[in-house]
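Worth knowing before you read on, the calculation uses all heavy atoms, side chains too, and leaves out hydrogens, waters and symmetry mates.
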Amino acid sequence: MAEERFTRRTVTVVMVVIAALAFVFSFGNVWALALRLGVPHPIAALIAPMVDLSVVGLLVALRFLALRGVPRASCGPVPGCCTCAGCSPSR
């Protein structure tokens with residue numbers, strides 16, 4: 001039981017570090033891209049965190065489902081989402 005708790009905490013900490021680093025390193029890139037696409041400065045400053053926070057939200061949701069033991073088969077594709085190989089329920 002102690003090993004399982006340690007593993008869960010370690011995986012959670014690693015995911016938090018990855019999400020934080022992704023936010024830090026991509027913020028400037030997304031902001032620069034928005035500016036190159038002609039988005040005004042105040043709006044570009046809002047777009048960058050929205051992109052990063054949406055990825056963080058997805059990571060948190062996946063972690064929540066994994067910790068609750070939700071089987072992969074019950075997590076089918078989202079209606080209206082892509083039908084790529086990664087989203088395919090047959091996988």
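- Note that CZ of Phe27 and CG of Asn29 are 11.0 Å apart. Values are rounded to the nearest 0.5 Å.
- Atoms CG and CD1, on Leu35 and Ile43 in that order, are 11.5 Å from each other to the nearest 0.5 Å.
- Shown are Thr12, Ile18, Val16, Val17; of these, the side chain to side chain contact (heavy atoms under 4.5 Å, CB included) with Val14 is made only by Ile18.
- Under the 4.5 Å side-chain heavy-atom criterion for grouping Ile, Leu, Val, Met, Phe, Trp and Tyr, Val13 is not connected to Leu67 through any hydrophobic cluster.
- Leu37 and Val30 are not part of a single hydrophobic cluster, where members link through side-chain heavy atoms under 4.5 Å apart.
- Not a single side chain to side chain donor-acceptor pair (under 3.5 Å) links Glu3 to another residue, sequence neighbours left out.
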